[in-house]
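Contents: one structure, followed by commentary.
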Amino acid sequence: YLTNVANGGTVLPKIPLAFGGDGKNSYTTFTWFEAAEIARSHGKRLLSYPEFAAAAFGVTENQSLGGDSAILPATTREAGYTSKWGVEQATGHLWVWGDCAHGVAGSASTANPDTIEGAGRGQTYGTPYAAQFGGARDYEELSGSRASRWAHTPWSSIWSVGMRASCDHQQLA
């Protein structure tokens, strides 16, 4: 069935059973941490930058679907937004959390803020950041198969960021 697209603003994702969910309760934010938990709970992972750039190859570059923080409609086929490999709305829809989130170039540890999910679950050393790929609905010049931004903290939760997950091919005996 179709449902609205989960993101860090208007439609928050359900908490997986493996991470304390009950099938009904949703996260109160949609940070990199929640995206990684959701992917892992389904036996998948967030995409690396090279994986994303390859998966999004073939979209029309530098275009976005337009819109704002209103509820995002279910993903459908849109001309120019499907990659060569069939990834629907690969770019220009929502930035997607990448697999990389850690601290760099710092001299101290930083704890997750107490106002978000997962507070008290450790610290990161240095200046924390998390990768985002693909571009969002509101900035066409920033969208594309190689679009990335590396300046947001892993505890950011904003309407223009969602997730995609990947896994290896199933090996049949």
Side-chain angles (χ1 to χ4, degrees), residues 2-16 19 21 25-42 44-56 59 61-76 78 80-83 87-104 110 112-119 121 124 127-167:
L2 293 178
T3 184
N4 292 321
V5 177
N7 61 67
T10 53
V11 180
L12 294 165
K14 301 270 189 239
I15 301 171
F19 289 93
N25 57 337
S26 295
Y27 286 108
T28 58
T29 58
F30 188 40
T31 69
W32 179 88
F33 298 105
E34 284 92 23
E37 288 177 358
I38 292 166
R40 290 292 179 195
S41 74
H42 293 284
K44 300 182 185 305
R45 66 183 183 281
L46 300 177
L47 282 77
S48 69
Y49 182 57
E51 286 175 322
F52 179 86
V59 299
E61 305 289 348
N62 303 314
Q63 73 174 11
S64 293
L65 289 165
D68 57 20
S69 61
I71 293 176
L72 303 174
T75 301
T76 59
E78 298 279 350
Y81 296 92
T82 304
S83 76
V87 178
E88 298 290 352
Q89 294 181 1
T91 63
H93 181 51
L94 287 175
W95 288 102
V96 294
W97 288 114
D99 70 337
C100 187
H102 58 81
V104 295
T110 303
N112 297 336
D114 292 337
T115 58
I116 64 163
E117 293 283 331
R121 291 175 61 186
T124 189
T127 304
Y129 73 89
Q132 297 172 352
F133 308 136
R137 301 170 70 83
D138 57 344
Y139 289 108
E140 66 184 42
E141 68 276 5
L142 299 179
S143 295
S145 61
R146 293 183 180 167
S148 66
R149 52 186 195 180
W150 303 78
H152 288 271
T153 62
W155 50 81
S156 296
S157 180
I158 55 178
W159 75 267
S160 60
V161 181
M163 69 170 279
R164 290 187 184 270
S166 178
C167 64

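Residues passing the side-chain hydrogen bond (donor to acceptor under 3.5 Å, both in side chains) test with S41, sequence neighbours excluded: none. With sequence neighbours left out, E61 forms a side-chain hydrogen bond (donor to acceptor under 3.5 Å, both in side chains) with S145. Qualifying side-chain contact (heavy atoms from CB on, under 4.5 Å) partners for L142, counting only residues two or more places apart in sequence or in other chains: W95, Y139. Not counting sequence neighbours, the partners of N25 by the side-chain contact (heavy atoms from CB on, under 4.5 Å) test are I15, D22. For T153, the side-chain hydrogen bond (donor to acceptor under 3.5 Å, both in side chains) partners are W155, S156, not counting sequence neighbours. When the ring-ring contact (aromatic ring centres under 6.0 Å, His included) test is applied to F52, the partners found at least two apart in sequence or on another chain are F133. For the side-chain hydrogen bond (donor to acceptor under 3.5 Å, both in side chains) test, no residue two or more places apart in sequence or in another chain qualifies with S157. A165 pairs by the side-chain contact (heavy atoms from CB on, under 4.5 Å) definition with A39, K44, M163, not counting sequence neighbours.
Across every non-hydrogen atom of F19 and E37, the tightest pair is CE1-O, 3.4 Å. The heavy-atom pair separating L12 from T29 by the smallest distance is CD2-C, 3.7 Å. Closest non-hydrogen pair, A130 versus P154, comes out as CB-CA, 3.8 Å. Closest heavy-atom contact between W97 and A35: CD1-CB, 3.5 Å.
When atom types are taken as modelled, the side chain of Y49 and the backbone of R146 share a donor-acceptor pair closer than 3.5 angstrom. Judged purely by atom type and a 3.5 angstrom limit, E34 has no side-chain atom pairing as donor or acceptor with the backbone of Y27. Under the 3.5 Å distance criterion, the side-chain polar atoms of S143 are left unmatched by any main-chain donor or acceptor of S64.
One finds the CG atom of D138 at 4.0 Å from the CH2 atom of W159 (value rounded to the nearest 0.5 Å). Here C100 contributes atom SG and L47 contributes atom CG; the two are 13.0 Å apart, rounded to the nearest 0.5 Å. In this structure, the separation between OG1 on T31 and CD1 on I158 is 12.0 Å, given to the nearest 0.5 Å. Distance NE2/H152 to OH/Y129: 14.0 Å, rounded to 0.5 Å. To the nearest 0.5 angstrom, E88 atom CD is 3.5 Å from T82 atom OG1.
Evaluation of the salt bridge (charged side-chain N to carboxylate O under 4.0 Å, His left out) test over residues 45-54, restricted to residues two or more places apart or in two chains, returns R45-E51, R45-D168.
Counting only heavy atoms from C-beta outward, the side chains of V161 and F30 never approach each other to under 4.5 Å. Between W32 and Q132 there is no side-chain heavy-atom pair separated by less than 4.5 Å.
Atom CZ of R40 has 12 or fewer heavy atoms from other residues, nucleotides or ligands within 6.0 Å.
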